[in-house]
Amino acid sequence: MRMTELIGKRIKEDPKDAKITSHKFLIRGGYIRPVSAGVYSLLPLGKKIAEKIEKIIREEMNSIHGQEILMPVSLPAELWKESGRYEQIHDELLRFKDRNDKEMLLAMTHEEAVVHLVRSEVNSYKQLPFMVYQIQTKYRDEARPRGGMIRVREFTMKDAYSFHENQESLNDYYQEVYDAYVRIFNRLGMNEVVSIKSDSGMMGGAVAHEFMAITESGEDTVFMSEDKSYRANREIAVAEYDFEGGTPLELEIVSTPGKETIEEVSEYLGVGRKNTGKAVFYVNEKEELIFVMIRGDFEVNETKLKNHLGASVLNFADDEKIKSVGAHPGYASPLALDHKKVRIVVDPSVEGTANLVVGANKENYHYKNFNLQRDLPDAEIVDISTVREGDVCPVTGTPLREYKGIEVGNIFQLGTKYSLPMGCNFLDKNGKSHPMVMGCYGIGIGRAMAAVIEQSHDHFGPVWPVSIAPYELHLCALNYKKDDVRNNADNLYEKLKEAGIDVLFDDRGEKAGFMFNDADLIGVPFRIIVSPKTLKEGKIEFKRRGCRDGELLPVDGNLIKTVKNKIKSEFEKYRL
RNA sequence: CGGGGCGUGGCUCAGUCUGGUUAGAGCGUUGCGUUCGGGACGCAAAGGCCGGAGGUUCGAAUCCUCUCGCCCCGACCA
């Protein structure tokens, strides 16, 4: 591609709306342009990167027997009513009506669509297992898009769906996909992508992994042990605690005038936060009240709690509701609660610690010396605490460290969550009907692009891995108007193209500094500079992105081959 | 959805508090000339409904009301 023809200009200044590195460089380098909040157009450079990412993904999906399909983005609401997600998902699902007043939606994932397709195409165990995938637009009406391409409303995603006779088959295939994902992220040139066990959230199902590109600008929190053998999303991370027991002392009511928070109470009574019990009231989607107790120095992990309760929604209860069961907000206590009206869930931190300060369900009073076994023997004890940095890893026994990551891919074992309600069945050998067992597997294309920049850049711009760089080689002609330069550069450009090298040719005749800065922003890994200076010796300069100095190569019959080999060996780095 | 910030040439911003010639700068763009190895220089030029609507005023980018959009923090989130 000649740069005189390339659409999409570089911008010298940081756009004011961009805060994170990938966002800035994607705009400045002329890769993407904003259209509306969380909605972007891809310029030719961005589109080329997306295509290269997609090509790698296709190769790997095909290698595990995936078959590419394409399903529509707009779907009839009735399909989602079948699965139940039409009601389950609220504002994030964009709904609309067509001219006939028919309810429609824009798909945020394609489980319903693929089940609709498969249930009529596949009905025998002989056809199982198989996997289909697509690379297609998704739409999520995000409450708050952010971070450029990291969190958007409309985005391109590779989503794959596998169908199996039984769980064993799914387990096997799940592992195959897992391995393919590891290969994909390697080939995409991501330095540090870790797989972590994750919560399956609205997708449902039991087993799930997220692939996290570790980078400061990530919006997810990951805990890892020092050797990284233990890795978990904050939502499900667990730690091992060594609680101090002790001899239970007698329950004692104490005056704590106006002290409602853990902080205030612990300060007022001169006890540590870890010697207090925190009471939190939630209501679920059925407006049922749940009383939760955790030690004062911990935070409730609402994901763990939701999973335990099987609740789809959890909100803080209002004071009215809390009072209705005999509790007093600010001074709430597990003691003297009406157990019939409220479910009580207690974290092990409360069980393990003796003589806690808890509320007295009476304004301005707390109890000292609460002991779970004695004072609330029938409590439901479940781990519902949020892990903190430095807590002890349950596997290795070393302190857990906290990292930020971008979720670039995920894999889920869906089981029969969709096939059962939607009637996606097959007949087994005995002619008996069963719902298919499903898995689903996603990778965000735009996110991957952004994540690579976050992990690979300098202050001039991105440093693209050759595997997904918009071009493999950037040919820069300095003083292009001079015959000598033009002839050599034009000639080289044609030869490089003929050799199958993906080459970007800066034929604009700009000044050196201008041209080099643009080149840095485009981030192509290799660069050839044709200039009068080196041509005098019959040479051109070859260098890598980011290196100040390059090497001089003679312009002769071997040049193309030499360059080709250098690029080829660079590609090898992104193979497993 | 709560809190905060911002909307002025393509981009980054000044001007708004304290209303008053023809709304500015730098970058970018176009033309001509000189330059030519890390964002050159000169000359000339194009480009604005000051986000939108209503109001106050002799007069509004500037004050008031409403509205739309965008960004950041939080809530939320396959």
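Worth knowing before you read on, the calculation uses all heavy atoms, side chains too, and leaves out hydrogens, waters and symmetry mates. First the proteins, then the strands, lettered A, B, ... as listed; each starts at 1. Fair warning: this is a prediction, and the values are worked out from it, not measured in the lab.
The side chain of S36(A) has C70(B) as its nearest neighbour among G28(B), C70(B), A75(B). Out of G37(B), G38(B), C76(B), the shortest distance to the side chain of E302(A) is found at C76(B). Listed candidates were G37(B), C70(B), G39(B). Nearest to the side chain of T534(A) is G37(B). With G74(B), G37(B), G39(B) as the candidates, the nucleotide lying closest to the side chain of R144(A) is G74(B). Comparing atom distances between the I11(A) side chain and each of C72(B), C11(B), G38(B) picks out C11(B) as nearest. Comparing C70(B), C76(B), G39(B) against the side chain of R146(A) picks out C76(B) as the nearest.
With sequence neighbours excluded, no residue satisfies side-chain hydrogen bond (donor to acceptor under 3.5 Å, both in side chains) with K9(A). Here D91(A) pairs with nothing under the side-chain contact (heavy atoms from CB on, under 4.5 Å) rule; sequence neighbours left out. Scanning for side-chain hydrogen bond (donor to acceptor under 3.5 Å, both in side chains) contacts around K543(A) gives an empty result, with sequence neighbours left out. In this structure K539(A) satisfies the salt bridge (charged side-chain N to carboxylate O under 4.0 Å, His left out) test with no other residue, sequence neighbours excluded.
Ring orientation note: the planes of Y174(A) and Y441(A) are tilted relative to one another, at an angle of 30° to 60°. In this structure, H164(A) and Y173(A) have tilted ring planes: the angle between them lies in the 30° to 60° band.
With hydrogens and angles ignored, a donor-acceptor pair under 3.5 angstrom links the side chain of E541(A) to the base of G37(B). The base of G37(B) is not paired with the side chain of N479(A) by any donor and acceptor separated by under 3.5 Å. Taking only distance into account, the side chain of K12(A) never meets the base of G38(B) through a donor-acceptor pair shorter than 3.5 Å. In the interface, the side chain of E13(A) is not paired with the base of G28(B) through any donor and acceptor atom under 3.5 Å apart.
Rounded to whole Å, the separation between the P atoms of C6(B) and A46(B) comes to 34 Å. C17(B) and A60(B) are spaced 14 Å apart, taking the P atom of each and rounding to whole Å. Of the C1' atoms belonging to G15(B) and G54(B), the separation is 25 Å, rounded to the nearest Å. With both ends at atom P, the span from A75(B) to U12(B) equals 29 Å, rounded to whole Å. Taking atom P on both nucleotides, A44(B) is separated from A25(B) by 13 Å, rounded to a whole Å. Rounded to whole Å, the P atom of G24(B) lies 15 Å from the corresponding atom of C49(B). Annotation: G74(B) and U30(B) have their P atoms spaced 43 Å apart (nearest Å). Comparing G39(B) with U16(B), their C1' atoms are spaced 33 Å from each other, to the whole Å.
Pair assignment for G24(B) gives C13(B), based on Watson-Crick or G-U wobble hydrogen-bonding distances that are each under 3.5 Å. Pairing partner, C43(B): G31(B), with both Watson-Crick or wobble hydrogen-bond distances short of 3.5 Å. When both distances must be under 3.5 Å, the Watson-Crick or G-U wobble mate of C63(B) is G55(B). Pair assignment for G2(B): C73(B), on the basis of Watson-Crick or G-U wobble contacts that are both within less than 3.5 Å. Pair assignment for G48(B) gives none, since no Watson-Crick or G-U wobble pairing has each distance under 3.5 Å.
L475(A) has its CG atom 18 Å from the P atom of G37(B), to the nearest Å. Atom pair D141(A):CG and C76(B):C1' shows a separation of 12 Å (rounding to whole Å applied). Separating the NZ atom of K16(A) from the C1' atom of A14(B) is a distance of 13 Å, rounded to the nearest angstrom. In this structure, CG of D17(A) is placed 12 Å from C1' of C11(B), rounded to the nearest angstrom. Protein atom OH of Y40(A) is 6 Å distant from nucleotide atom P of C71(B), rounded to whole Å. When the P atom of C70(B) is taken as reference, atom NZ of K19(A) falls 15 Å away, rounded to whole Å. Atom CG in D14(A) sits about 10 Å away from atom P in C13(B), given to the nearest Å. At whole-Å resolution of the value, CD in E142(A) and P in C70(B) are 14 Å apart.
Residue contacts for D159(A): at a heavy-atom cut-off of 4.0 Å it reaches no nucleic acid atom on any strand shown. Nucleic acid contact class of K536(A) (heavy atoms, under 4.0 Å, all strands): none. R527(A) comes within contact range of at least one nucleobase, with a heavy-atom separation under 4.0 Å. Looking at heavy-atom distances under 4.0 Å, M157(A) makes contact with a base. Using a 4.0 Å heavy-atom distance criterion, P34(A) is classed as making no nucleic acid contact. Base contact: A143(A) has a heavy atom under 4.0 Å from a base atom. If you check every strand for non-hydrogen atoms under 4.0 Å, F155(A) touches a base.
When each of G444(A) and F516(A) is assigned the nucleotide of RNA chain B with its nearest heavy atom, F516(A) is the one assigned upstream, toward the 5' end. Closest-nucleotide positions on RNA chain B for K543(A) and G147(A) were compared, and the one nearer the 5' end corresponds to K543(A).
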Sugar-phosphate or base contact per nucleotide [nucleotides 30-35 of chain B; S, B, -; heavy atom under 4.0 Å]: ------
From CA spacing to verdict: salt bridge (Lys or Arg N to Asp or Glu O under 4.0 Å), E111(A), R85(A): CA-CA 10 Å; E111(A) 282 74 15; R85(A) 286 208 294 180; 3.0 Å; yes
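Listed by first then second residue, pairs satisfying salt bridge (charged side-chain N to carboxylate O under 4.0 Å, His left out) with a partner in residues 21-30 of chain A read D14(A)-K24(A), D14(A)-R28(A), not counting sequence neighbours.
For C36(B), neither phosphate oxygen OP1 nor OP2 lies less than 4.0 angstrom from any side-chain nitrogen or oxygen of S531(A).
Residue E216(A) qualifies as open at atom CD: its count of foreign heavy atoms under 6.0 Å is 12 or below.
Within the cation-pi definition used here (under 6.0 Å to the ring centroid, within 45° of the axis), R95(A) qualifies as a partner of Y86(A). Geometrically, R388(A) engages F298(A) in a cation-pi contact defined by less than 6.0 Å to the ring centre and at most 45° from the axis.
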